[in-house]
Protein chains: 2
Amino acid sequence: MSPAGRPRAFVIEGVLEAAMRLFWEQGYEATSMAQLREATGLSSASLYGAFGSKQGLFERAVEHYLAGPGSVTDVIADEALSPREAVARMLHGSIDMQTDTSHPRGCLVALSGIVRAPGDDDAAVRRTIAARRAMDRARIRACVVRGVATGELAGETDVDGFTSMIHGFLLGVSTQVCDGTPARDLHAAADAALAAWHAPSARAAGARAADARAAGV
Amino acid sequence: MSPAGRPRAFVIEGVLEAAMRLFWEQGYEATSMAQLREATGLSSASLYGAFGSKQGLFERAVEHYLAGPGSVTDVIADEALSPREAVARMLHGSIDMQTDTSHPRGCLVALSGIVRAPGDDDAAVRRTIAARRAMDRARIRACVVRGVATGELAGETDVDGFTSMIHGFLLGVSTQVCDGTPARDLHAAADAALAAWHAPSARAAGARAADARAAGV
DNA sequence: AAAATTACGGAGTGATCGATCCGAATGTGG
DNA sequence: CCACATTCGGATCGATCACTCCGTAATTTT
């Protein structure tokens, strides 16, 4: 069973947790291997042996984030919920997560790898994060499309425009959280954004939402 | 008149323009003095003689940005406009500016100095940018307050919540622009956000049964 | 014209970056 | 007990970081 050779004396998950927090607080560029060494208590050889490079460690840390705190946005893909309910839960859930004081502020995906790097060396990092943002956006768009299909949203709704409004607000929450905007204001802001989600036929929308709630979370 | 001594052989404005573009594309941390030297054609001695430090150059470059492309948001403070019109012009104007291909994408203020730096050395940089974001926010809030006063907005409008919705969307536009979202979608998104400006009190009390799922470790 | 003042190009500062190498340590399969 | 494989701590690599120093050039002031 054991892969032969000296077994590693640390747990991968613990290292990823520490690395995730550092990258979350400081971003990829600003986080140094020296800090990662200190935070994990490991030597360079151990880190490079396990993850190959700083980029490799970052990508593993992002996966760790997506499986943990970052998973709050996955509710958007729950087709058992009404589209509006799914979007609402994603926004409020993300705000709750980002303002949770038990870990760094904001969203790792929204904050990392936005600006271009000096060389081409970390273009892969930016692509990794940008791909995740694109996925979130696609999921929101699918919800908007569903909303139009179910009649929750007016038929003449600009799908890409409405998607950009929701996604843009979600992305902007991270910056606001880092700047200290209170969670209360952000929740109220999410409600304001969702207010645009008015139904032309409130009856059908309400029935669908009720069904979704009855189905449970 | 002349300040005695050898006159400088370059124009400050030209250097600030080049530096602004580099910082705009890459952010403060990722931009090196070597790049700034190459882009400006100046030596280290000239740059440090004129600006004192990398931070000093950055702050001057930010001022240059705010007086140039960044000035598009100033329309928000124009009290000759109706509050809604002022917000609308700011949003659409900012989108036009950020998607203009004659300069780097996005907004320098929204993109720079969000994540924490490794040391305390550039805390001043983050504070400079964050202060500008706070000013934009305050101006938006003043518009919302005016809107309630003039009756454009419902009296029971959550002022800070509505402000956060507009400001959050504005901040999120930068990330979307960097990710390649078309200007058309963003303009439509701004309209969608502004649609809430007319929305009467039909706002649902945020049904956020939200989660507790959250935050990993 | 001489002195004083400022800007210039370019080499060089210590520090830190990500990444690698090495010998010792600790396992498994024969 | 013995190769073999893998990980360990620690020293170290060249490159690059922001920044400074020095000798020289170009002006104004005396």
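Source: prediction; values computed, not measured. Residue numbers begin at 1 in each chain, while the letters A, B, ... track the order of the sequences.
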Tabulated below should be each protein N or O lying under 3.5 Å from an N or O of nucleotides 9-12 of chain C; please produce it.
{"unit_1": "C:dG9", "atom_1": "OP2", "unit_2": "B:S43", "atom_2": "OG", "d": "3.2"}
{"unit_1": "C:dG9", "atom_1": "N7", "unit_2": "B:S43", "atom_2": "OG", "d": "3.3"}

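Aromatic ring centroids of B:F58 and B:F23 lie under 6.0 Å apart.
The 5' end of DNA chain D is approached more closely, in terms of each residue's nearest nucleotide, by B:G52 than by the other of B:G52 and B:G5. When each of B:G49 and A:P7 is assigned the nucleotide of DNA chain C with its nearest heavy atom, B:G49 is the one assigned upstream, toward the 5' end.
The nearest whole Å value for the distance from the CZ atom in A:F51 to the C1' atom in C:dT20 is 18 Å. Following rounding to the nearest Å, B:E38 (CD) and D:dA18 (C1') show an atom-to-atom distance of 17 Å. In this structure, CD of A:Q55 is placed 17 Å from P of C:dC17, rounded to the nearest angstrom. Between the CZ atom of A:R8 and the C1' atom of C:dG27 there is a distance of 13 Å, rounded to whole Å. Separating the CZ atom of A:F58 from the P atom of C:dG18 is a distance of 13 Å, rounded to the nearest angstrom. Taking atom CD of residue B:E29 and atom C1' of nucleotide C:dC17, one finds them 13 Å apart after rounding to whole Å. Taking atom CE on B:M33 and atom P on C:dA15, their separation rounds to 20 Å, with Å as the unit.
Under 4.0 Å is where a charged nitrogen must lie from a carboxylate oxygen, and between A:E85 and A:R89 at least one such pair does. Under the 4.0 Å criterion applied to side-chain N and carboxylate O atoms, B:R184 and A:D158 are assigned as salt-bridge partners. Classification of A:R21 and A:E25 as a salt-bridged pair fails, no side-chain N sitting under 4.0 Å from a carboxylate O. Looking at B:D78 and B:R146, no side-chain N of the basic residue comes within less than 4.0 Å of a carboxylate O on the acidic one, giving no salt bridge.
Across D:dT7, D:dC17, C:dG18, the shortest atom-to-atom separation from the side chain of B:S32 is found for D:dC17. The side chain of B:Y48 lies closest to D:dA18, out of D:dC8, D:dA18, C:dG27.
At the phosphate of C:dA25, neither OP1 nor OP2 sits under 4.0 Å from any side-chain N or O atom of A:R6.
Contact annotation for A:A50: no contact, since no heavy-atom pair falls under 4.0 Å across all strands.
Defined by atom type and a distance below 3.5 Å, a donor-acceptor pair is present between the side-chain atoms of B:S102 and B:D100. Side-chain atoms of B:S44 and B:R37 include a donor-acceptor pair closer than 3.5 Å.
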